[in-house]
Engineer: 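There's a structure below that I have some questions on.
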Amino acid sequence: MNTEETNVDLKDAETKDAEPKEAADPAQVAADADATEADVSEADLDQEEQEKQPMTGGKDEGEDAPSAGAEAAEAEKNGSVKLKIRRRRREVKFTGLNKEELLRVAGTPGWVRTRWALLVVFWLGWLGMLVGAVLIILQAPRCRDLPATNWWNEGPLYQIGNIQAFTDTSNLKGVEQKVGSLSQLKIRGLVVGPIHVAPADEAMSLRFEEVSPEVGNLEQFKGLVQAAHKKGISVVLDLTPNYQGSSGPWFSNISVTSVAERLKSALVFWLNEGVDGVQLSGVERVANVVPSLWADIRAIVQNGTDDRPDKRVLIGVTERSSAEDVSALLSSTGVDLLISRVLLPRNMDATDHAETVQLLYSSHNQTKLAWSLGGLGDGHLASLVGPALVKLHQLLLLTLPGTPVVNYGDEIGLTDKGTKFPRMLWDSDEELNGTLQEERAERLSCRSFFRGLSELRRKERSLLFGDFLLLSNSSSSLAYLRVWDQSKRYLAAFNWAEEAAVLQLSGAGLPPQAEVVFSTNSSALPPDGSADLANLRLGPGQATLLSFPYTG
């Protein structure tokens, strides 16, 4: 039964109820009432069945909407029950292609051609990148392998030959207190002593393993070593046997054998106390007189052990001043460094300096070369070359190919004043008069110049172990180049004359101009900080360090 039939039945029932009733048999009335209730109940049941069943009118939603409204209005008008039936819309979900459909589409000629094209493009791109990388590697300049160096090649060595003159306390404890100030100079090693008990020219009284009471004791020395190591400074102990005598550093030839034998046990003792190397004067004598003992001495110092695998340096000191003699001695003794007098300014000019450096540089690896001006027996730099040329020689020592060795006080222009061991001058806050203020300003200027050069040398490869190329030299001027692979280049130029000099530098890959890095005469610097290398002008006693980049 549909909705229309239900409404008709209900209206018929209502119409029958509305019609006037005639008197009838009560039994008949009761029977009619029961029949009416049965019809209504049947209609209600039919309505409930229709709500449970879906609409199947056969018309779309656009056509059903007005009909439903009219029927609802008619139902309300006739008092029938309003029924609302909601229709659910079907949700369309995209399920994609299944495996069989994908395989069928992928096998079509169009997709096959596309896949092959993409594959060819991928491999062509990959091969192109590979070829490009190989070409870049082949065309790029090959970097040079860094040379094998040791700690004593990394910075200047600072000699303190007289402990009492170096500090206010006149002992090793005072040296320990100055380690912080020394580390500011960017030095790499500290050469201390001699400090052992050695009465002058008395071989039998020699005691290598005992610290002289005049300079302190063993505990103070150990404290100095520990303080220096904390600052990255190595400690070398001078163990020259007869350092206070006049009969030679090894006493007489008769005593050389016994002294060298006693030295062997002393070396083991001091190396166990933490020293990083040993310095000995007069090495040519012991090497020639007792070569077997000298070989033992070298082995003890230079050969590492399981307990001490780190390198220890053996430094020799000689009074020889000829470049040929120093070269031969460096080869025969086998020392790691040999301090000599080849650069002492006596009867030497710039040409002699150039020839000396060239000979030693061409004969030996620069890691074995040591450059020094002054020392235990020669005095201080300022007294040897004059105060006006202190900075010039500082620049020379710190830019030559090899290890610079400086005497205490050379960084401030300390003069001897009648003694080879003048008292070191330390800055203080006391008030100074005009003359003393000028002297102090000059000391600070020298120290700042030395410190800047030392710091630059320590970090620039061209200055640290770069090649040495002589550019120009005369009796009063000198210029050379330091280069390493693709690092920045450095050019050092010097004028010892009392008048100005003009150097015309070209070739060797030199650019037209270079930047001034350091100069001993700041007032003579160009306004823009660059210099014309084709006409490099140097004032009287002036030295300058210039730099320019690697250009390939």
Side-chain angles (χ1 to χ4, degrees), residues 143-160 178-191 227-236 276-277 310-313 315 336-337 339 343 357 361 365-373 381 390-412 444-468 480-492 515-520 543-550:
C143 295
R144 290 177 62 182
D145 295 331
L146 297 179
T149 59
N150 298 291
W151 64 261
W152 54 86
N153 306 124
E154 297 173 357
L157 303 183
Y158 191 92
Q159 294 188 110
I160 305 176
K178 298 298 183 181
V179 167
S181 178
L182 295 178
S183 69
Q184 295 176 0
L185 300 177
K186 307 304 178 183
I187 65 172
R188 189 59 182 87
L190 191 62
V191 183
H229 285 174
K230 289 181 180 179
K231 293 292 185 178
I233 300 174
S234 300
V235 178
V236 177
D276 303 288
D310 52 313
K311 290 283 188 177
R312 279 82 63 91
V313 64
I315 303 175
D336 296 304
L337 295 174
I339 300 174
L343 288 184
V357 175
Y361 176 77
N365 191 309
Q366 64 174 292
T367 59
K368 286 187 169 293
L369 300 180
W371 308 106
S372 175
L373 282 164
L381 178 62
V390 169
K391 291 182 180 179
L392 181 148
H393 286 87
Q394 286 180 349
L395 195 150
L396 178 68
L397 289 174
L398 290 165
T399 57
L400 285 175
T403 300
V405 182
V406 299
N407 199 6
Y408 79 92
D410 284 350
E411 75 276 15
I412 61 172
L444 293 177
S445 177
C446 283
R447 188 178 189 275
S448 177
F449 189 81
F450 179 91
R451 176 183 176 180
L453 279 171
S454 180
E455 184 174 15
L456 183 68
R457 181 193 182 278
R458 194 166 182 176
K459 68 181 182 180
E460 291 292 337
R461 290 180 175 178
S462 291
L463 294 175
L464 193 59
F465 41 70
D467 299 330
F468 173 85
Y480 53 81
L481 192 64
R482 299 296 308 280
V483 299
W484 176 260
D485 199 26
Q486 302 174 41
S487 300
K488 183 185 294 186
R489 278 78 168 105
Y490 285 89
L491 191 156
E515 179 186 0
V516 177
V517 182
F518 284 97
S519 177
T520 59
T544 184
L545 182 66
L546 305 103
S547 70
F548 56 92
Y550 167 78

Engineer: Enter the distance from Glu154:CD to Arg457:CZ here, rounded to the nearest 0.5 Å.
Structural biologist: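 The CZ atom of Arg457 is 9.5 Å from CD of Glu154, to the nearest 0.5 Å.
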Engineer: For a side-chain contact (heavy atoms from CB on, under 4.5 Å) check, start with the C-alpha distance between Leu396 and Tyr480, then their side-chain angles and the critical distance, and finish with the verdict.
Structural biologist: CA-CA 10 Å; Leu396 178 68; Tyr480 53 81; 3.8 Å; yes
Engineer: Using residues 227-234 as the side-chain source, report each donor-acceptor pair under 3.5 Å to any protein atom, sequence neighbours left out, with the distance given to one decimal.
Structural biologist:
| unit_1 | atom_1 | unit_2 | atom_2 | d |
| --- | --- | --- | --- | --- |
| His229 | NE2 | Asp276 | OD2 | 2.7 |
| Ser234 | OG | Arg188 | NH1 | 3.2 |

Engineer: Provide the closest heavy-atom pair for Leu337 versus Leu369 in the form atom of the first, atom of the second, distance.
Structural biologist: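 It is CD2-O, 3.8 Å.
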Engineer: Measure the spacing between OG of Ser372 and CG of Leu397 and express it to the nearest 0.5 Å.
Structural biologist: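 Ser372 atom OG to Leu397 atom CG measures 7.0 Å (nearest 0.5 Å).
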Engineer: Quick one: does Arg489's side chain have a donor or acceptor within less than 3.5 Å of a partner on Ser487's backbone?
Structural biologist: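 Yes, because the side chain of Arg489 sits within donor-acceptor range (under 3.5 Å) of the backbone of Ser487.
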Engineer: Taking atom OG of Ser454 and atom CD of Gln394, what is their separation to the nearest 0.5 Å?
Structural biologist: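 Answer rounded to 0.5 Å: 10.0 Å.
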Engineer: Check whether any side-chain heavy atom of Leu343 sits under 4.5 Å from a side-chain heavy atom of Leu400, and report yes or no.
Structural biologist: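 Heavy-atom side-chain distance check passes, below 4.5 Å.
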Engineer: Could you check whether any side-chain heavy atom of Val236 comes within less than 4.5 Å of a side-chain heavy atom of Leu157, counting everything from C-beta outward?
Structural biologist: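 Val236 does not reach Leu157 side chain to side chain.
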Engineer: Is there side-chain contact between Glu411 and Cys446, with at least one heavy-atom pair below 4.5 Å?
Structural biologist: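 Of all side-chain heavy-atom pairs linking Cys446 with Glu411, none is under 4.5 Å.
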Engineer: Side-chain contact test, heavy atoms from C-beta onward, threshold under 4.5 Å: evaluate it for Ile315 versus Ile339 and give yes or no.
Structural biologist: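 Counting from C-beta outward, Ile315 and Ile339 do come under 4.5 Å.
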Engineer: List the steps and the verdict of side-chain contact (heavy atoms from CB on, under 4.5 Å) for Asp336 and Arg312.
Structural biologist: CA-CA 9 Å; Asp336 296 304; Arg312 279 82 63 91; over 6 Å; no
Engineer: Give the minimum heavy-atom separation between Thr544 and Leu395, together with the two atoms involved.
Structural biologist: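 Heavy-atom minimum between the residues: C-CD1, 4.1 Å.
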Engineer: Quick one, Thr399 with Leu545, criterion side-chain contact (heavy atoms from CB on, under 4.5 Å). Give me CA distance, side-chain angles, the key distance, then yes/no.
Structural biologist: CA-CA 9 Å; Thr399 57; Leu545 182 66; 4.1 Å; yes
Engineer: Within this structure, what is the SG-CD distance for the pair Cys143 and Gln486, rounded to the nearest 0.5 Å?
Structural biologist: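 Atom-to-atom, Cys143:SG and Gln486:CD are 4.5 Å apart.
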Engineer: Taking all heavy atoms of Leu381 and all of His393, pick out the closest pair and write down the distance.
Structural biologist: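 Nearest pair, atom of Leu381 first, then His393: CD1-CB, 3.9 Å.
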Engineer: Over all heavy atoms of both residues, which pair between Pro156 and Leu398 is shortest? Give the atoms and the distance, please.
Structural biologist: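 Scanning both residues, the minimum pair turns out to be CG-CD2, 3.7 Å.
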Engineer: Do you know the tightest heavy-atom contact between Tyr158 and Asn407?
Structural biologist: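 Closest heavy-atom pair between Tyr158 and Asn407: CE1-O, 4.5 Å.
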Engineer: Is a donor on one side and an acceptor on the other found under 3.5 Å between the side chain of Thr367 and the backbone of Thr149?
Structural biologist: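 Flag not set: sc Thr367 to bb Thr149 has no pair under 3.5 Å.
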Engineer: So how far is it from Lys368 NZ to Asn153 CG, rounded to the nearest 0.5 Å?
Structural biologist: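 Reported to 0.5 Å precision, the distance equals 9.5 Å.
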Engineer: Could you go through the side-chain contact (heavy atoms from CB on, under 4.5 Å) check for Asp485 and Tyr550 one step at a time?
Structural biologist: CA-CA 8 Å; Asp485 199 26; Tyr550 167 78; over 6 Å; no
Engineer: Are any of the side-chain heavy atoms of Gln366 and Phe468 separated by less than 4.5 Å?
Structural biologist: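 Not in contact.
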Engineer: Just verifying a value: how many Å separate Arg447 CZ and Ile412 CD1, rounded to the nearest 0.5 Å?
Structural biologist: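 Spacing of CZ (Arg447) from CD1 (Ile412) equals 8.5 Å.
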Engineer: For the residue pair Trp484 and Phe465, categorise the inter-ring angle as parallel (less than 30°), tilted (30 to 60°) or perpendicular (more than 60°).
Structural biologist: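 Rings of Trp484 and Phe465: perpendicular, over 60°.
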Engineer: Give me the atom names and distance for the closest heavy-atom approach of Ser462 to Tyr490.
Structural biologist: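 Nearest heavy atoms, Ser462 then Tyr490: CB-CD1, 4.1 Å.
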Engineer: Quick check: does any side chain N or O of Ser448 sit under 3.5 Å from a backbone N or O of Ser445, one acting as donor and the other as acceptor?
Structural biologist: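 Not confirmed, Ser448 side chain does not pair with Ser445 backbone.
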Engineer: Side chains of Asp410 and Phe450, heavy atoms from C-beta outward: is any pair under 4.5 Å?
Structural biologist: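 They are not in side-chain contact.
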Engineer: Is there any salt bridge (charged side-chain N to carboxylate O under 4.0 Å, His left out) pair reaching into residues 143-152, and which pairs are they, with sequence neighbours excluded?
Structural biologist: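 Pairs touching residues 143-152 that pass the test: Arg144-Asp467.
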Engineer: Side chains of Gln159 and Val405: does their closest heavy-atom pair fall under 4.5 Å?
Structural biologist: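 Counting from C-beta outward, Gln159 and Val405 do come under 4.5 Å.
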Engineer: With a 4.5 Å cut-off on side-chain heavy atoms, are Pro404 and Trp371 touching?
Structural biologist: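 When only atoms from C-beta onward are counted, Pro404 and Trp371 do not touch, as no gap falls below 4.5 Å.
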Engineer: Is it true that a side-chain atom of Thr403 and a backbone atom of Trp152 form a donor plus acceptor pair closer than 3.5 Å?
Structural biologist: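 Yes, because the side chain of Thr403 sits within donor-acceptor range (under 3.5 Å) of the backbone of Trp152.
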